[in-house]
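The sequence lines fix the lettering, A, B, ..., with proteins before strands; numbering per chain opens at 1. For the numbers below, each heavy atom of this structure counts, side chains included, while hydrogens, waters and symmetry mates do not.
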2 protein chains.
Amino acid sequence: MSPTGPYAKGIAKREEILTAALGVIARLGCRKAAIREIAEAAGLSHAGLVHYFGSREALYEQVLRERDERDAAMFDEVEPTFAMYVKLVEHNATVPGLVQLFIEYSAEASAPGHPSRDFFVDRYNRIRAALSRAVIVAQRNGEVGPQVQPESVADVIMATTDGLQLQWSLDRSVDMVGRLRELWDGVRRTSWALDPLP
Amino acid sequence: MSPTGPYAKGIAKREEILTAALGVIARLGCRKAAIREIAEAAGLSHAGLVHYFGSREALYEQVLRERDERDAAMFDEVEPTFAMYVKLVEHNATVPGLVQLFIEYSAEASAPGHPSRDFFVDRYNRIRAALSRAVIVAQRNGEVGPQVQPESVADVIMATTDGLQLQWSLDRSVDMVGRLRELWDGVRRTSWALDPLP
DNA sequence: GTCTATAAAAGGATAGAC
DNA sequence: GTCTATCCTTTTATAGAC
């Protein structure tokens, strides 16, 4: 995979297309971002772009897949922690096109029969597993109490993250990281005091 | 507004269109739901539908607007409570088309320049205000401690709700109400113990 | 108020040349 | 690997008859 290898040009062009896609999506949103316009922004014809990805859905799925692979490198090698997760969210706030793509494309893909539906189902399962491990690690540390259900907490953290991204897309002053930290603090406090509520 | 008044037929047809729209969206998703197909499902021509609403965006916004008006009747007349909010979420789970529309259309509308963007910005402000009041009421009752920031909690509850709806759309076994109740229990427990965390 | 018909714009996919 | 050209489908919008 050396940069001077036989596919160097193809790989570079591919990256260029992915970057161009994020730019167009940040500007127009994912629904209005035509494959034609992305091609133009990437400096090639629309047929040329199709040559690389095959379809609009494949292109978008690929952008998100590569983001996940970059993130997974961070998440998989050591024990996952909530602090690492927050770092990813923090980074997202610097890539508006990626967030916009995720918001719109995950929503679109949740429809019955969508070609990327399975990708997102798998993705949530993967992240739930990683976040559950983070909770379990925190429980081993004594940071979080033993009564908490790791998977439930994982689901709520994922949901909050997604919902905050939508709010942030509508209003840039929303503090995603702040809200997420408050949620986590709540989990930590809660879990040591599980006597019945009045 | 009697059912035999001069506009009775128009109003009834209008309702029929809105219901048909939800059916088509539940089946195909909002992106793939063509205005033509909705018209057909409602038993009129596509031009006839346009006569009522003017555009795809206006139709979808109207569906969500009327849902909100029904819900607001419940939320505005008395002091809002978290229990009432959960009832609304519980009801959503019986209307998959409405949830699918909300997921996809709110995502789409968060893009720059979208005609329904302001509708959603206003909507979040409105719901944030109502949920904040619910927290304040709970604080007056002593159900929630005084240290909690009502608006922060409101933002997290809204975000969690939206995110859970997406998860639920991808996997019907997700328990939206259960997760939401756990979150609220967490808020109640948390808020009485705000000494610094380790 | 509803239809038919048509426009006309845009999106996506494909074929074939270079 | 990239372009031009073309095609097919979909989508929305409009005009005008009934």
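- The distance from atom CZ of B/Arg56 to atom C1' of C/dG11 is 14 Å, rounded to the nearest whole Å.
- A/Tyr60 places its OH atom 10 Å from the P atom of C/dG11, with the value rounded to the nearest Å.
- Two residues, A/Glu37 and A/Val50, neighbour DNA chain C, and the one matched to the more 5' nucleotide by heavy-atom proximity is A/Glu37.
- With a 4.5 Å cut-off on side-chain heavy atoms, B/Phe120 and B/Tyr105 count as touching.
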B/Leu170/A/Arg117 under side chain to side chain contact (heavy atoms under 4.5 Å, CB included): CA gap, chis, key distance, verdict: CA-CA 7 Å; B/Leu170 287 167; A/Arg117 198 168 196 277; 4.0 Å; yes
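- Rounded to whole Å, atom P of D/dG1 lies 15 Å from atom CD of A/Glu16.
- Computed from coordinates, the A/Ile17 CD1 to D/dG1 C1' distance equals 11 Å when rounded to whole Å.
- Of the candidates D/dA13, C/dA5, D/dT2, D/dT2 carries the atom nearest the A/His51 side chain, counting heavy atoms from C-beta on.
- B/Tyr52 places its OH atom 18 Å from the P atom of D/dA13, with the value rounded to the nearest Å.
- The separation between B/Glu40 atom CD and D/dT11 atom P is 12 Å, rounded to whole Å.
- With the nearest nucleotide of DNA chain C identified for both B/His46 and A/Arg31, B/His46 has the one nearer the 5' end.
- Of the candidates D/dT14, C/dC3, C/dA15, the closest approach to any side-chain atom of B/Ser45 belongs to C/dC3.
- Within the nucleic acid shown, B/Ala34 comes within 4.0 Å of sugar-phosphate atoms alone, with no base atom in reach, counting heavy atoms only.
- For A/Arg36 against C/dG12, a side-chain N or O and a base N or O form a donor-acceptor pair under 3.5 Å.
- Atoms CZ (A/Phe53) and P (C/dT14) sit 17 Å apart, rounded to a whole Å.
- With DNA chain D read from its 5' end, the first of the two nearest nucleotides for A/Leu44 and B/Gly54 is the one closest to A/Leu44.
- Using a cutoff of 4.0 Å between basic side-chain nitrogens and carboxylate oxygens, A/Arg14 and A/Glu66 are scored as salt-bridged.
- Counting only heavy atoms from C-beta outward, the side chains of A/Val156 and A/Val187 never approach each other to under 4.5 Å.
- Atom CD of B/Glu16 has more than 12 neighbouring heavy atoms from other residues, nucleotides or ligands inside a 6.0 Å radius.
- A/Ile35 places its CD1 atom 11 Å from the P atom of C/dT14, with the value rounded to the nearest Å.
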